[in-house]
Amino acid sequence: MTVGRERWDSRTAFIMAAVGSAVGLGNVWRFPYRAYEGGGGAFLVPYFIALVTAGIPLMILEYGLGRRYQAASPKAFKSIGKGFEWIGWWPVVMCLVVASYYCVIMAWCWNYLYFSITQAWGKDPSSFFYTSFLKFKQATPTGTESLKGMDLHGFNWEVLIPLAVTWILVYLVIIKGVKGVGKVVMWTVPLPLLCLLLLFVRGITLEGAGAGIEYYLTPDFDKLFGPDGGAIWMGAYAQIFFSLSVGWGILIAYSSYMPKRSDVTNNAIITSLANCGVSFLAGFVVFSIVGHLAHVDGTTVEGAVDKGFGLAFVAYPKAISAMPGGPIVAASFGIIFFFMLITLGIDSAFSMIEAALGGIYDKFKISRRRACAIACTLGFLMGCIYLTHAGLAWLDIVDNWVNFYGITLIALFECLVIGWLWKGKAEFKAYVNSVSEFKIGVLWDICIMVITPVILILSLI
């Protein structure tokens, strides 16, 4: 065990931090819009299959690596074999990239927290979000004009200060180390769950909510195994990796700070089920609102709102304005919703930066203060590209590349290296079982060696 390495104050602090990493914007912002794009219930089938065949087995793998080698992702993979260190650095880069736009989305939430007071989005939340707020320049689909959507022209100064505030908050917490993170997550993990439960109760009582929930829970197997089925399966696996933080190096870094007696498999199962439970609950909240909007507009659930990033920033503001009870009630629910998104996002941002810093500490031995300053400044500057008038297009491209290809490939390489190339796998399994209540055996081998890599390769193809 590395002398002087930081430790979580308790197993509870570790679990809360791990859950805080997993339960984030990916659950309330990303999961519902991915499920909506994937046909509602058609998305849930591969999503839960991905949880069992990839999410939990890979989480056990990463928790075990961090605890066994007492190191962040790069050093842990170097301990497996010197030629594998690059696999550990890949997620470090991915974490910095994703944190750069994650904090931008939180900056949007700060703005919308203020907009909720007066429902500033008016009668057309879609136009307000894309045109008035983001000032997004939509490119025409054909001809040379289509290239203009990628130009870094214009700058959204309205989001700059909230973005800076977000990064300052991340810096102030991260600089105190894992003990500081452990104290903060004791508040930032339970609070959004309470907010989500409150919104769930309100959402299912809205007129038309039943149609949205039916769409959410009813699988359409024609979609799942049709021409677009591959995209739905790949999207489900990518969502599992995104929301569970599998493949990001986060779990390896966090587990390297585990107390001596921490269980590996039990913690992995608790974290995985808590994360997916919150995602499933968030789906009820959002789809009940979408069903209500479809009822109000006299349209189908599938066509009620635009699919994509704007679901939380278009569908929910629209529902807030349509809520009975007057402007005070509407403003209250708006504030609760966007405050919840901020608290969810901040935990994930902590974990991404901590994963990157863990690799830097182990490799270069620089001070935490200096590493934090470099990482947060770099993340802030990288985020400024998303504040341009073409920022939404860049955010969409980066998000798709990172989640559909970057993280998927990392998970695939992890499976191939651990499952097929590492001679110390049997010893590793024995170690994990020696510190775990639930033992891993042949089923874990089958998932890591066969099921997950085959599905990932087919999805990529």
Side-chain angles (χ1 to χ4, degrees), residues 11 14-15 18 22 44-71 73 76-81 83-84 87-88 91 233-234 236-252 254-256 258 261-277 407-461:
R11 180 183 179 184
F14 166 73
I15 288 290
L44 292 181
V45 175
Y47 177 78
F48 285 113
I49 291 175
L51 168 65
V52 174
T53 61
I56 293 176
L58 281 171
M59 186 172 283
I60 292 172
L61 167 65
E62 295 194 355
Y63 275 180
L65 285 177
R67 193 186 189 286
R68 173 70 178 83
Y69 293 109
Q70 295 292 290
S73 182
F77 276 96
K78 184 179 180 181
S79 299
I80 293 172
F84 300 133
I87 297 176
W233 281 87
M234 189 171 181
Y237 272 81
Q239 177 60 28
I240 282 291
F241 297 148
F242 186 94
S243 64
L244 287 183
S245 302
V246 170
W248 296 89
I250 294 170
L251 304 179
I252 298 176
Y254 269 15
S255 60
S256 72
M258 275 185 178
R261 297 183 179 180
S262 290
D263 188 293
V264 171
T265 58
N266 204 6
N267 287 343
I269 293 170
I270 290 171
T271 307
S272 300
L273 295 181
N275 167 78
C276 292
I407 299 303
T408 302
L409 285 170
I410 291 172
L412 176 60
F413 287 136
E414 280 190 3
C415 290
L416 295 178
V417 168
I418 301 298
W420 294 95
L421 301 179
W422 189 25
K423 295 180 180 179
K425 186 182 70 171
E427 181 186 349
F428 172 75
K429 284 177 59 181
Y431 170 78
V432 170
N433 287 333
S434 71
V435 296
S436 300
E437 181 179 352
F438 297 102
K439 312 303 181 184
I440 58 174
V442 66
L443 290 178
W444 183 83
D445 287 326
I446 292 172
C447 287
I448 294 297
M449 297 177 68
V450 182
I451 297 177
T452 299
V454 167
I455 291 177
L456 292 179
I457 290 171
L458 291 176
S459 297
L460 286 168
I461 294 173

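Along the sequence shown, residues carry numbers from 1.
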Nearest non-hydrogen partners of [X] and [Y], listed with the distance:
X    : Y    : value
L58  : A411 : CD1-CB, 4.1 Å
N267 : Y63  : C-CE1, 3.7 Å
C447 : P453 : O-CD, 3.6 Å
F428 : W444 : CE2-CH2, 4.2 Å

Just so I know, are the side chains of [X] and [Y] near enough to count as touching, which here means a heavy-atom distance under 4.5 Å?
X    : Y    : answer
T271 : L244 : no
F48  : L51  : yes
V246 : I240 : no
E427 : Y431 : no
Y69  : K78  : no

Can you tell me how far the [atom1] atom of [X] sits from the [atom2] atom of [Y], to the nearest 0.5 Å?
X    : Y    : atom1 : atom2 : value
I448 : T53  : CD1   : OG1   : 9.5 Å
I270 : M59  : CD1   : CE    : 11.5 Å
C276 : Q239 : SG    : CD    : 9.0 Å
I269 : I60  : CD1   : CD1   : 5.5 Å
I56  : L61  : CD1   : CG    : 13.5 Å
I252 : S245 : CD1   : OG    : 11.5 Å

Do V264 and N433 pass the side-chain contact (heavy atoms from CB on, under 4.5 Å) test, and can you show the C-alpha distance, the side-chain angles, and the key distance before you say yes or no?
CA-CA 8 Å; V264 171; N433 287 333; over 6 Å; no

Assess the residue pair L65 and S255 against the criterion (side-chain contact (heavy atoms from CB on, under 4.5 Å)); give the C-alpha distance rounded to whole Å, side-chain angles, the decisive distance to 0.1 Å, and a yes or no.
CA-CA 8 Å; L65 285 177; S255 60; over 6 Å; no

Please tabulate, for side-chain N and O atoms in residues 418-426, each donor-acceptor pair with protein atoms closer than 3.5 Å (sequence neighbours left out).
residue, atom, partner, partner atom, Å
W420, NE1, M449, O, 3.0
K425, NZ, G419, O, 3.4

Determine yes or no for a side-chain-to-main-chain donor-acceptor pair under 3.5 angstrom, with T265 supplying the side chain and F438 the backbone.
yes

Please check this pair: side chain of S73 against backbone of G88, looking for a donor-acceptor N/O pair closer than 3.5 Å.
yes

Ignoring hydrogens and geometry beyond distance, is a side-chain donor-acceptor pair present between T452 and Y237 at under 3.5 Å?
no

Verify side-chain contact (heavy atoms from CB on, under 4.5 Å) between F241 and L456, making sure each step is shown before the conclusion.
CA-CA 11 Å; F241 297 148; L456 292 179; 3.6 Å; yes

